[in-house]
Peer 1: 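The following block contains the structure, expressed as structure tokens.
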Amino acid sequence: MRSKRPRGRRPRLAVAYAATAAILGPLVWLWQGSLLPDSYSVMTMGYADYGGGPHGSSSPTAPGTGAVAHHEHVPQAESGRDVSRLIADPDRPADVALTIVARRQRFRLPSGRAFDGYTLNGTSPGPTIRAVEGQLVQVRLINESVPGGVTLHWHGVDVPNAADGVAGVTQDAVGVGGEFTYRFVADQAGTFWYHSHQMSHEQVRGGLLGALVVAPARREDADAGPIVDVEALVHLYQGVRTVNGHEGDLRIAAPPGSRARVRVINTEYGLMPAWVSGAPYRLIAVDGTDVNGPPQVRDEAVAVAAGGRADLKVIMPEDGSPVRVHLGGPSGIVLGSTSYHAPPVPRPAATLDLLTYGARVPLTFDPGKPDRRFDYAIGRRPGFLDGVPGLWWTVNGGLYPDVPMFHVTEGEVVRMRISNDSGEAHPMHLHGHHAVVLGRDGVPATGSPWSVDSLEVGVGETYEIAFVADNPGLWMDHCHNLPHAGEGLTAHLMYEGYTTPFTVGGRAGNEPE
């Protein structure tokens, strides 16, 4: 007997299958296209952006963009100078030499609170490295027990590219039992810091970091009286705020009438306000670069970007009363002599605008006639990142790895427009260079040249910056809210004629973020 089937069932099933295929097909295609190889060179990712400058490619260029696609991940350059050869003079003896041993271990803060994390020479933060401008610094890194490998990146120091410490870009991660030696000339006086750039979103938060201070070769104001010089490295250990590894206030002796320089280092992921009570102050340096003609500040906070630094100068009151430098909250540095009783005061309502602070002085290059112009537009949209669905950050509309490789030639003037329509603020960090902020939201800078390596780009903000391409190699340009970098907010700056032998992933397990 013939079975009875509802009329139209087969057509309806066919329509359903077709509709399902129409929906899932593109998703599967997008998912598959997002998958990254187990090992790849960052030089093969995304597309080349020449910023309107010259290039030798015969590939088609998108109209008006200066961008050339990397078809099927074909390397941009088959030959070129190896970035691992970009080193300091190998025959010059080191002026400052030390060994740093990285460990995974349980450690205690001076308060006695214990954490499971990472140490450098048995402590976190690691040892403060001190040098004088012009000295050659040599650091031998030994990985005793950090699984997955480790590197050291010299944040804000324009080191030779081979010393930049980015796993998979300028070196392989140093595995357990291995070592690597970094050498660079500290040719800029200022406040800097160092941290791991292998699985950095985990290792930095866990304790692999320290301060680096470069003193000027000659102190111009040597006759202006004694000076107290202290770094203030702010870091959160599992939600516990510390200054130089100490919970609560850090008391520093400062005689009446003396000058105190407090070097604020923000190692966290967000903007940190710093303000002073008990005396006026001057902001004398930002990201390791001196401010020209800084006036006295009262009742205003300084906003320090993630990864950024701010050097505050205070003249201690002649009556011996203490001064408090607030670092993001009630704890901070208390400068005093006869008394350290300086209760916290609320954050001032006003924030210092570095666009207008200090005295204007001509730049050493002309940003009005750049050789290259780039856009770095930060956004966010749903999609797949290495096969994982989510709401990811974008660069110029593309999800990683469909992001630009900014191409430059040594000696060129580069201008970049950074805009943020992503819904969250991003502290942008360009390795190997300092850029001058030209303007924000169409308003030109009128104060001292505002030189940065870590720039907070707020929601809806647009910045114009410029720099000279004077440090050849392959450099990261990423968000220093480190989880954001791991979520796709990473691009690179590449000098023509250079190449890297290192790959992300691979045997070394390189994971720069």
Side-chain angles (χ1 to χ4, degrees), residues 42 49-51 53 81 83 86-88 133 153-166 169-170 182 184-195 197 212 214 285-290 305-309 354 363-367 369-376 395 403-418 426-439 445 449-457 463-480 485 489-498 500 512:
V42 296
D49 187 342
Y50 293 96
R81 187 176 180 188
V83 299
L86 298 174
I87 60 175
E133 183 181 9
H153 165 63
W154 310 96
H155 190 114
V157 186
D158 299 341
V159 299
N161 197 216
D164 197 40
V166 180
V169 180
T170 64
Y182 300 90
F184 58 89
V185 175
D187 55 6
Q188 180 177 349
T191 305
F192 310 97
W193 63 299
Y194 63 95
H195 61 81
H197 227 300
L212 169 62
V214 181
V286 175
D287 286 0
T289 302
D290 289 346
R309 288 86 60 215
L354 299 188
L363 299 176
T364 57
F365 65 97
D366 185 0
K369 298 179 181 178
D371 301 289
R372 313 266 181 168
R373 287 181 180 268
F374 298 116
D375 281 325
Y376 199 127
V395 180
V403 296
M405 173 70 80
F406 300 115
H407 280 245
V408 297
T409 299
E410 189 172 0
E412 291 182 327
V413 173
V414 181
R415 187 159 175 153
M416 181 176 287
R417 180 178 183 267
I418 308 174
H426 299 285
M428 301 307 297
H429 174 48
L430 172 62
H431 288 211
H433 302 77
H434 280 74
V436 174
V437 176
L438 304 176
W450 177 11
S451 183
V452 297
D453 57 63
S454 304
L455 177 65
E456 177 83 2
V457 183
Y463 280 88
E464 290 276 348
I465 66 172
F467 60 93
V468 177
D470 57 3
N471 196 5
L474 181 57
W475 304 97
M476 291 193 77
D477 190 354
H478 66 106
C479 178
H480 218 271
L489 194 38
T490 298
H492 292 82
L493 177 75
M494 175 181 173
Y495 282 67
E496 297 285 356
Y498 292 85
T500 179

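Being a predicted model, the structure only gives us computed values, none of them experimental.
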Peer 1: Would you call R309 and D453 a salt bridge, taking side-chain N to carboxylate O under 4.0 Å as the test?
Peer 2: yes
Peer 1: Show the nearest heavy-atom pair for residues P404 and V395, with the distance to one decimal.
Peer 2: CD-CG1, 3.6 Å
Peer 1: Once rounded to the nearest 0.5 Å, what's the spacing between atom CG of L438 and atom CG of L363?
Peer 2: 7.5 Å
Peer 1: Check whether any side-chain N or O of R415 sits under 3.5 Å from a backbone N or O of P367 as a donor-acceptor pair, and report yes or no.
Peer 2: yes
Peer 1: Using 0.5 Å steps for rounding, measure from the CG atom of D375 to the CE atom of M416.
Peer 2: 9.0 Å
Peer 1: Could you check if a side-chain atom of L354 sits within less than 4.5 angstrom of a side-chain atom of V286, using non-hydrogen atoms only?
Peer 2: yes
Peer 1: Do you know the tightest heavy-atom contact between A469 and V408?
Peer 2: CB-CG2, 4.0 Å
Peer 1: For L489 and H426, what are the C-alpha separation, side-chain angles and deciding distance, and is it a side chain to side chain contact (heavy atoms under 4.5 Å, CB included)?
Peer 2: CA-CA 9 Å; L489 194 38; H426 299 285; 3.3 Å; yes
Peer 1: Starting from the C-alpha separation in whole Å, work towards a yes-or-no answer on side chain to side chain donor-acceptor pair (under 3.5 Å) for T170 and H197.
Peer 2: CA-CA 11 Å; T170 64; H197 227 300; over 6 Å; no
Peer 1: Decide yes or no on side chain to side chain contact (heavy atoms under 4.5 Å, CB included) for Y495 and L474, but give the supporting numbers first.
Peer 2: CA-CA 6 Å; Y495 282 67; L474 181 57; over 6 Å; no
Peer 1: Hey, can you tell me if H429 and H155 have their rings parallel, tilted or perpendicular (30° and 60° cut-offs)?
Peer 2: parallel
Peer 1: Kindly write out the residues that satisfy side-chain contact (heavy atoms from CB on, under 4.5 Å) with D187, not counting sequence neighbours, or none if the list is empty.
Peer 2: V185
Peer 1: Any heavy-atom pair between the side chains of P160 and F184 that's under 4.5 Å?
Peer 2: yes
Peer 1: Residues in side-chain hydrogen bond (donor to acceptor under 3.5 Å, both in side chains) with Y182, at least two apart?
Peer 2: Q171
Peer 1: Would you say that L455 contacts Y463 through its side chain, given a criterion of any heavy-atom pair below 4.5 Å between the two side chains?
Peer 2: yes
Peer 1: State the CE-CE distance between M494 and M405, to the nearest 0.5 angstrom.
Peer 2: 6.0 Å
Peer 1: Apply the test side chain to side chain contact (heavy atoms under 4.5 Å, CB included) to residues V468 and V414: give CA-CA distance (whole Å), side-chain angles for both, the deciding distance (0.1 Å), then the verdict.
Peer 2: CA-CA 6 Å; V468 177; V414 181; over 6 Å; no
Peer 1: What is the ring orientation for H433 with W475, classed by angle as parallel under 30°, tilted 30 to 60°, or perpendicular over 60°?
Peer 2: perpendicular
Peer 1: Which atom names give the shortest non-hydrogen contact between I465 and A435, and what distance separates them?
Peer 2: CD1-CB, 3.9 Å
Peer 1: Has the side chain of N161 got a donor or acceptor atom that lies under 3.5 Å from a matching backbone atom of N471?
Peer 2: no
Peer 1: Is there side-chain contact between D366 and V413, with heavy atoms separated by less than 4.5 Å?
Peer 2: no
Peer 1: Where do V83 and V169 come nearest, in terms of heavy atoms and distance?
Peer 2: CG2-O, 4.1 Å
Peer 1: Taking D49 for its side chain and F406 for its backbone only, find out whether a donor-acceptor pair lies under 3.5 Å.
Peer 2: no
Peer 1: Which residues pass the side-chain contact (heavy atoms from CB on, under 4.5 Å) test with A485, sequence neighbours left out?
Peer 2: H478, T490, E513
Peer 1: Testing the 3.5 Å rule here: is there a donor-acceptor pair between the side chains of D477 and H431?
Peer 2: no
Peer 1: To the nearest 0.5 angstrom, please state how far the CZ atom of F365 sits from the CG atom of D470.
Peer 2: 9.5 Å
Peer 1: Is there a side-chain contact between M428 and C479 in this structure, where contact means two heavy atoms from C-beta onward sitting under 4.5 Å apart?
Peer 2: yes
Peer 1: Does W450 have any ring pair (Phe, Tyr, Trp, His ring centres under 6.0 Å) partners at least two apart in sequence or in another chain, and if so, which?
Peer 2: none
Peer 1: Grab the two heavy atoms, one from A162 and one from I87, that are nearest each other, plus how far apart they are.
Peer 2: CB-CG2, 3.7 Å
Peer 1: Measuring only between side-chain heavy atoms, which start at C-beta, is E410 closer than 4.5 Å to E412?
Peer 2: no
Peer 1: With sequence neighbours left out, what residues match T289 under side-chain contact (heavy atoms from CB on, under 4.5 Å)?
Peer 2: Q188, H434, S451
Peer 1: Can you list everything that forms a ring pair (Phe, Tyr, Trp, His ring centres under 6.0 Å) with Y194? Sequence neighbours excluded, please.
Peer 2: W154
Peer 1: Taking the side chain as every heavy atom from C-beta outward, state whether D164 and M476 have any pair of such atoms under 4.5 Å apart.
Peer 2: no
Peer 1: Could you measure the distance from the CD1 atom of I418 to the CZ atom of F374? Nearest 0.5 Å is fine.
Peer 2: 12.5 Å
Peer 1: Do you know the tightest heavy-atom contact between E496 and T409?
Peer 2: CG-OG1, 3.7 Å
